[in-house]
2 protein chains.
Amino acid sequence: MENFEKSRGGRPRAFDPEAALDAAMHLFWEHGYEATSLAMLREAMGLTPPQIYNAFADKETLFRRALVRYHEKEIGFALDALSAPVPVKEAIRLLLMGAAEAYTRPGKPGGCLFISGALAASPQAQGIADELKTYRKATEAAIAARLAKGREAGELPADLSVERLAKYLTGVMHGMSIQARDGASAEDLRALAETALAAWAAEVRQAADAKGGTDAGPVLHD
Amino acid sequence: MENFEKSRGGRPRAFDPEAALDAAMHLFWEHGYEATSLAMLREAMGLTPPQIYNAFADKETLFRRALVRYHEKEIGFALDALSAPVPVKEAIRLLLMGAAEAYTRPGKPGGCLFISGALAASPQAQGIADELKTYRKATEAAIAARLAKGREAGELPADLSVERLAKYLTGVMHGMSIQARDGASAEDLRALAETALAAWAAEVRQAADAKGGTDAGPVLHD
DNA sequence: TAGGTTTCGTATCGATCACTATGGAAAATT
DNA sequence: AATTTTCCATAGTGATCGATACGAAACCTA
């Protein structure tokens with residue numbers, strides 16, 4: 001596993017590319033893509049500009065590599081939760097609770113890089129914003145897929161809209177990310193997740209009630 | 001109302017400051033504070049740099065004025081909903097449905113300026129990020145206040161945590177803002193809000209059940 | 001050791017950033 | 001009309017942006 005990249009002759013690198021990438025990832029996570037200057041990266045990575053550009057091509061490539069590393073190293077909880085051999089409700093619970101922990105990890109920036117990285121961007125960085133949107137959409141799609149699997153397994157009402165519920169759950173995670181940025185604690189986020197999960201029960205109950213013929217009408221219209 | 005600022009002699013302005021501020025607000029809304037350059041502002045506002053600086057001091061002051069204008073002109077729905085003479089549940093419903101509409105208004109950038117403006121920022125723009133956080137926290141506090149008022153009116157269980165519920169509802173609004181940025185339609189957001197409001201009913205029911213002595217246990221643990 | 005290859009450190013590159021000095025033009029005041 | 005005051009347009013300011021040119025240094029192969 002070590003020395004994966006074969007030496008092709010020439011002077012060897014005087015730094016660890018993965019450690020440098022980690023430093024860059026944390027900086028992007030904290031300040032976003034455009035607001036992170038090369039001067040800041042240089043200091044955090046402990047490298048000179050030519051070292052950075054030789055190893056990572058340019059700032060945009062460095063950011064995209066940081067996204068991949070973030071996806072692999074920081075938010076594995078999401079894939080773990082959605083692929084866990086548990087009922088769909090428990091899987092979603094693991095997902096939200098994992099987010100509560102990952103978004104408030106000590107020593108790490110609050111929230112999710114896929115949101116903080118570039119919600120708004122200059123026209124020049126539109127491609128970066130689009131890339132992040134793609135990551136967010138992939139999460140939503142993964143949630144929808146897990147919900148659909150649960151529905152097919154009979155764990156959810158057959159007439160439940162998984163797309164709609166996935167949008168809600170993704171939105172809740174996004175909201176948790178911003179709350180984390182605003183200083184919410186892991187416990188705050190867990191409480192938020194609990195309330196969000198209560199909606200799940202209500203939504204399912206509502207669908208089940210409608211199915212059973214005892215339609216109680218819109219839940220909130222009283 | 002017109003000619004509010006008295007002429008103090010000298011050559012009058014050749015442009016409408018409010019129209020220029022509107023243009024700046026939309027640009028900040030779309031691209032965020034730091035990613036909006038003066039060149040972009042100059043073109044969108046139809047002004048020369050000295051005109052901008054004479055009227056608005058500097059970029060930061062211009063942005064803060066844009067925030068005030070946004071608060072007054074674009075998201076009045078929030079204050080309207082929270083101060084409407086209706087039961088608290090209906091007020092919150094108005095709030096979320098108002099957000100669904102405001103975040104997807106045709107011809108306007110998606111989402112909320114208070115979120116898109118600067119979730120992440122460079123160290124130099126930390127003050128701007130803090131200012132936006134203050135606006136977000138004010139919304140959360142206003143929601144909590146309305147919930148507390150409803151609780152005192154007997155519309156909510158006495159043991160309900162308004163802070164916790166306010167954090168959830170604020171988080172949902174934040175999530176709606178990001179979903180809007182990612183292309184969600186007003187109908188998508190209304191559906192998201194409906195699901196979020198179902199959580200409300202579940203949470204209240206849960207508290208009421210616990211109060212009534214028929215504790216059914218955590219809703220989702222089955 | 002000679003040749004080839006890659007990275008190293010130093011010193012920048014042009015472009016763009018937010019911002020302003022300057023001087024004349026236009027309107028209000030006297 | 002004379003004076004004062006403010007705004008206008010032109011043309012730039014120094015600073016920082018992302019990204020490099022250059023030649024020396026350090027490795028490999030032969």
Side-chain angles (χ1 to χ4, degrees), chain A residues 3-21 23-24 27-28 31-66 117-118 120-128, chain B residues 3-21 23-24 27-28 31-66 117-118 120-128:
Chain A
N3 264 346
F4 177 78
E5 296 186 5
K6 286 210 157 59
S7 177
R8 293 156 299 172
R11 180 173 179 173
R13 277 215 177 90
F15 61 94
D16 177 7
E18 290 208 344
L21 182 55
L27 213 52
F28 284 132
H31 300 289
Y33 172 66
E34 291 189 281
T36 302
S37 71
L38 228 46
M40 295 162 67
L41 288 168
R42 184 180 39 161
E43 183 177 347
M45 300 168 82
L47 302 177
T48 64
Q51 286 178 305
I52 297 176
Y53 281 88
N54 181 43
F56 303 102
D58 55 15
K59 185 185 174 186
E60 180 168 340
T61 302
L62 173 60
F63 183 73
R64 292 179 190 273
R65 298 250 340 238
S122 72
Q124 293 80 13
Q126 189 57 49
I128 292 293
Chain B
N3 264 346
F4 176 78
E5 296 186 4
K6 283 216 155 60
S7 177
R8 292 158 300 172
R11 180 175 177 174
R13 281 216 175 87
F15 62 94
D16 178 7
E18 290 207 344
L21 182 56
L27 213 53
F28 284 132
H31 301 289
Y33 172 67
E34 291 189 280
T36 301
S37 72
L38 227 49
M40 295 162 66
L41 288 167
R42 184 181 39 167
E43 182 178 346
M45 300 168 81
L47 301 177
T48 64
Q51 285 178 306
I52 297 175
Y53 281 88
N54 181 44
F56 302 102
D58 55 15
K59 187 185 172 185
E60 179 167 340
T61 302
L62 173 60
F63 183 74
R64 291 179 189 272
R65 298 252 337 240
S122 71
Q124 293 78 16
Q126 189 57 48
I128 292 292

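First the proteins, then the strands, lettered A, B, ... as listed; each starts at 1. These values consider heavy atoms only, across backbone and side chains, with no hydrogens, waters or symmetry-generated copies.
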**Report entry** Phosphate contact (D:dC7 OP1 or OP2) by B:Q51 side-chain N/O below 4.0 Å
**Finding:** no
Report task. Spell out, as yes or no, whether a donor-acceptor pair under 3.5 Å connects the side chain of B:K59 to the backbone of B:Y33. Result -> yes
Report task. Round to the nearest Å and state the distance from B:R11 atom CZ to C:dG24 atom C1'. Result -> 9 Å
Query raised in the report: Do you know which two heavy atoms are closest between B:G117 and B:F63, and how far apart they sit?
Result: CA-CZ, 4.4 Å
Query raised in the report: Just how far, in rounded Å, is P of C:dT6 from CG of A:N54?
Result: 10 Å
Requested in this report: Would you check if A:L21 and A:D16 make a side-chain contact, meaning some heavy-atom pair closer than 4.5 Å?
Outcome: no
Query raised in the report: Heavy-atom distance under 4.5 Å between the side chains of A:H31 and B:P123, does that happen here?
Result: yes
Requested in this report: Please work out if B:F15 contacts a base, only the sugar-phosphate, or nothing of the nucleic acid, heavy-atom cut-off 4.0 Å.
Outcome: sugar-phosphate
Query raised in the report: What nucleic acid atoms does B:A14 come within less than 4.0 Å of, heavy atoms only: base, sugar-phosphate, or nothing?
Result: sugar-phosphate
Query - Presence of A:R13 side-chain N/O under 4.0 Å of C:dT7 phosphate oxygens OP1/OP2 - result: yes
Requested in this report: Take atom CD1 of A:I52 and atom C1' of C:dG9, then tell me their distance rounded to the nearest Å.
Outcome: 14 Å
Sequence neighbours left out, cut at 3.5 Å: what donor-acceptor pairs do the side chains of residues 40-53 of chain B make with other protein atoms?
residue: B:T48; atom: OG1; partner: B:Q51; partner atom: OE1; Å: 3.3
residue: B:Q51; atom: OE1; partner: B:T48; partner atom: N; Å: 2.9

Report summary line: Reading nucleotides 13-22 of chain C from 5' to 3' and marking B where a protein heavy atom lies under 4.0 Å of the base, S where only the sugar-phosphate is that close, and - otherwise, the string is ----SSBBB-
Requested in this report: Using atom CG of A:L47 as one end and atom C1' of D:dT20 as the other, report the distance to the nearest whole Å.
Outcome: 16 Å
Report task. Look at the side chain of A:E34 and the backbone N and O of A:S122, then say whether any donor-acceptor pair between them is shorter than 3.5 Å. Result -> yes
Query raised in the report: Which comes earlier along DNA chain C counting from the 5' end, the contact point of A:T48 or that of B:P12, where each point is its nearest nucleotide?
Result: A:T48
